[in-house]
Structures are given as structure tokens and as C-alpha cells.
Protein chains: 2
Amino acid sequence: MPVTVLLVDDEPLVRAGLRAVLEAQPDIEVVGEAADGAAVIPLVRRLRPDVVAMDVRMPLLDGIEATRAVLRTVDRPPKILVVTTFENDEYVYEALRAGADGFLLKRARPAEIVHAVRLIAEGESLLFPASVRQLAARYGEGEGEGNLAARAAMERARLTDREAEVLRLMARGLSNAEIAERLVVGTETVKSHVSGVLAKLGARDRTQAVIAAYESGFVAPG
Amino acid sequence: MPVTVLLVDDEPLVRAGLRAVLEAQPDIEVVGEAADGAAVIPLVRRLRPDVVAMDVRMPLLDGIEATRAVLRTVDRPPKILVVTTFENDEYVYEALRAGADGFLLKRARPAEIVHAVRLIAEGESLLFPASVRQLAARYGEGEGEGNLAARAAMERARLTDREAEVLRLMARGLSNAEIAERLVVGTETVKSHVSGVLAKLGARDRTQAVIAAYESGFVAPG
DNA sequence: GATCGTCTCCCCCGTGCGGGGGAGGGCCGC
DNA sequence: GCGGCCCTCCCCCGCACGGGGGAGACGATC
């Protein structure tokens, strides 16, 4: 069963680009398009996509309001992937607060776009601040956006007590074995918690998780 | 050829403890002891130890002054490992600025003490802020000390331009392959730089290096 | 009673990572 | 000229890491 995606962007060119990128994947299917947030709700009801790729800036109803509207009025709502050009942070942040599940730059490489859609579709995995930072680094500058995204991610990624404890120890540089020793549990257990942390933060490895911890203020230098 | 160590601490108990721990190792030999910094220089000249384990607080000549004196007056000076109870950060920081090569908590476990001595003896590897943080975490509290040590480590660990660049990208969560792609070099080259960074920071893995980068202010959140 | 989330531990398995070597070329300073 | 540092790339190798499963025990909630 492929991942179904609804594209919502006022620029036809962007929609076409996203469609081209996503349709190239055998496991992803673009089931519809909309030019404005105002058209989203009926489309979501009818098409029931797994993921809505939603632009932030749209003429009638912007991505934030549209996200809120979808989550408020549709039961079993789709995952919402916020797509932005990265210009205005507050919009992004607001969209995430409104309940969006992920965050993507239009400038991202095709492989990353695909990856983001799959990630969002797959699970409760919410955001991937480290990836955002990567993009920011790759395309230069843009300090601060990653931070907001990271903070939002940490706010929304409700780690369990144990996971939070593990993350704190990871952020002190401890290995899985050392964490296990410290918490008096097996290494397999630690690995399990680490996996949980990585999934919820959308981090690829422990380094990205630690970065997210610092960026979000979960741990602070000094 | 074993690593030779000179112990300098005003507390006989501490000296005895260090001696017991270190002498248990076949490759480490305690060649002398001193009760105060004032006695260090002649002993160093005579015994020519590889490492001096130096307490910070001592009645006549403290570890900072003693470190300075040794480095100033002895040619091919020994490595200096600062031993402290962790109570006063400025002393530690000052000692490191004075030219000490490493940093050790008295509360450290035997295996870690041994490891520290070997590390210091082996090479130009300077400090290991992440390890310090581990100790701080393991024995609870003590926020801030790690930061000072980390900052000192970064100041003294003169990374090359390329290494600094690599560290920045590591701190954005990029893998070796991604860093290679970004810098347009081979992955082997990146691994080489990463190894350099780890050695100079005394980090065990990239996660600890990134932690050191944050703790030292080399990279800042947000 | 049934369900869900959390914490715990287990398996297999691929691979990215890091250590330890070495080697060549370029640049700079002695 | 020669040594030293830096950057580049190469080899082999062991292992911690992380993915992808599963499973049992406990408590809370319904």
C-alpha cells in the first residue's frame, strides 16, 4: 500500500516539482493537488491522503490555519508536512504549534523530500531538527530556524521519563554500555530507549539527537 | 618502557591511593612523590618522569604555579596531569592555561585514572572534556566545570582550518559521507580529519566531539 | 476483563565509525 | 635543501551502533 500524498501550494511550479519527485517513487502516490488552504478540507475528506504537503504562505487560507482546520474538523487526520521557503520563521513555528507533523524546505534535494514524506507517513515520528540544520548548513546561513524547529520538535515529541533520562546521558557523551551501567539495566534496554529517542526526534543517530537536545534547550551548555 | 609518574599532592592518603591504582598497572611506574609544588622542579630534573600528577591546592606552591615553573625551567618537560577535587573551577582553568596537559577528578574510578595517565603520556592529546562531563554526570551535579574544561580544551587544542570546518559540519549532524560530499573530498579524507579532531579534543567519538563543540562555545545553539 | 503505554530484554544483521597503520604532494620556514 | 605541517587518499580491522523484528511484565485506564 503506497503512501498517498496531497499537495497544497499556490504555485503550480512547486506542485509540479513535488509531484515529479514523489511520483518517481514506487511507494509514493500523489492523489491530489490544491492551490490554497481553503480547498484542503473537502479534498482531505474525499481523498483521505496519508500526508498533506502544505505550503505556509497561501493567498486565501495559509498553511497554519489550514493545518488547524484539518486537525480540528477531520477525524483520523493525515500527517501534515509543512513546506516552506524558509523565509519567515514565525510562520513555520506557528504551523508546527498548530499541529503540523513535519517540516521541509523547498530547497531540499529530491532524496530528502522523499525521505521526509516517508518518515512522516510512517509513524509518530514528528520532526527532524538535525536534518533541518543540515539543510540550513548545506544551503548556507539561516541560523535560528533550526533552533525553532528543534524546540518545536522537543515540545511535541513527548519523550517518556526513561527516554528523557537516556537522552540526557547521551548528551553527556556516554555510550550505550555506560548508560546501561549507570541505569542498572541491560544494554538491549538502552538501545531500545535510544531507538525511541531517535524516532521521536527524527534523528538519524545519537549525534543528531544530542544536537537536537542542545538546540532545543533540553540540555544547556555550561 | 613503562610510563613513569611523579605524584604531587599534600595529602599522603591521596598519594597512596594514586600509587596503589597506578602501580597495579604493569606499564605504569610511580617513580616519586612530593608533598608540595615547591619540591617538584628538582624531582622532575632528577627523575625525569613522563607524567606529573599534580594537585591544584597545595600549601606552599600550588599546582598552577608549580606547572608554570616546571614548564618554564625544565627542558623537555613532563606531561602535567592536573588532579583536583573539583571544588574550584578557576584553579582548574588557570592550571590548564598555565600549560597543564590534562585534567582529572580525584573521584574518578581507578580505570579512568589509569586511562587518563596513559592518554596524557602517549601523545599530544590534550584534554578530554567529554570524559570530564561523564565524570560530572556519574558523580552527580557539578555543572559548569565541564564547560570550563571544555573551553580550555578548545583553546589549547589548535584545530587546523580543515579540522575546524569538519567539526562544524559534525556539529550539524552530518555523516562522514555527507561531509565528504559537501567539502568535495573523499570519505577517507574526512575520516582522517575526524580522527584528528577526536584526538585533539580527547573525544572518544563524534558525539563527544560535538558535545565539546557546544560546551566550549565553538558552536552555539540557535 | 481488555487495552494501552511503558519498561524491560532478546534475536539477527548490515554498516558507519574509529583505530592504526602508511603515503604522496604542497607550502612554509629554517 | 631539508624538515615540518597540512591536506589528501589508501589499506585492514573490530566493534558499537542502529534497524527491524518480537516478547513478557506491570500499571493505568476504560
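All of these numbers come straight from a predicted model, not from anything done at the bench. Order of the sequence lines sets the chain letters (A, B, ...), proteins ahead of strands, with each chain counted from 1.
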Practice item. Select base, sugar-phosphate, or nothing to describe what T187(A) touches, counting heavy atoms under 4.0 Å on all strands. Key: nothing
Atom CD of E165(B) and atom P of dC7(D) are separated, to the nearest Å, by 9 Å
When every non-hydrogen atom of V219(B) is compared with those of R168(B), the smallest separation belongs to CG1-CG, 4.3 Å
Taken to the nearest whole Å, CD1/I179(A) to C1'/dG18(D) is 13 Å
Axis-to-axis angle across the helix from dG1(C)-dC30(D) to dC30(C)-dG1(D), five pairs each end, nearest 10 degrees, ~ 40°
* Has the side chain of Q208(A) got a donor or acceptor atom that lies under 3.5 Å from a matching backbone atom of G173(B)? -> yes
- Item | 4.5 Å side-chain heavy-atom contact, V166(A) and V194(A) | yes
Out of dC7(D), dC9(D), dC17(C), minimum distance to the side chain of T160(B) belongs to dC7(D)
Of dG18(D), dG18(C), dC10(D), the nucleotide closest to the side chain of E188(B) is dC10(D)
In whole angstroms, the gap separating P of dG14(C) from CZ of R204(A) amounts to 21 Å
Of D205(B) and H193(A), the one whose nearest nucleotide on DNA chain C sits closer to the 5' end is H193(A)
Point to revise | Side-chain touch E33(A)/L6(A), heavy atoms, less than 4.5 angstrom | key: no
Note: L47(A) and V31(A) closest approach over all heavy atoms is CD1-O, 3.7 Å
Distance check: side-chain N/O of T189(A) vs OP1/OP2 of dC9(C), anything under 4.0 Å?
yes
Separation of dA28(D) atom P from D161(A) atom CG, nearest Å, is 14 Å
d(L183(A) CG, R162(A) CZ) to nearest 0.5 Å is 4.5 Å
Separation of dG19(D) atom P from L198(A) atom CG, nearest Å, is 5 Å
message: Tell me if a side-chain donor or acceptor on E163(A) pairs with a main-chain N or O of T160(A) at a distance below 3.5 Å.
response: yes
**Request:** Ignoring backbone atoms, establish whether S195(B) has a side-chain N or O less than 4.0 Å from OP1 or OP2 of dG19(C).
**Result:** yes
Next on the checklist: With a cut-off of less than 4.0 Å, is there a side-chain N or O of S192(B) near OP1 or OP2 of dT8(D)?
Outcome noted: no
Here the distance between atom P of dG5(C) and atom CG of L159(A), to the nearest Å, is 16 Å
From CD of E163(A) across to C1' of dG5(C) the rounded distance in Å is 11 Å
Between NZ of K191(B) and C1' of dG22(C) the distance, given in whole Å, is 14 Å
* Quick one: is dG18(C) close enough that its OP1 or OP2 comes under 4.0 Å of any side-chain N or O from R206(B)? -> yes
Please check the phosphate of dA16(D) (OP1 and OP2 only) for any side-chain N or O of N176(A) closer than 4.0 Å. no
The residue, A177(A) or V184(B), whose nearest nucleotide of DNA chain D is more 5′ is V184(B)
Correct closest heavy-atom pair for P49(B) and V44(B) would be CD-O, 3.7 Å
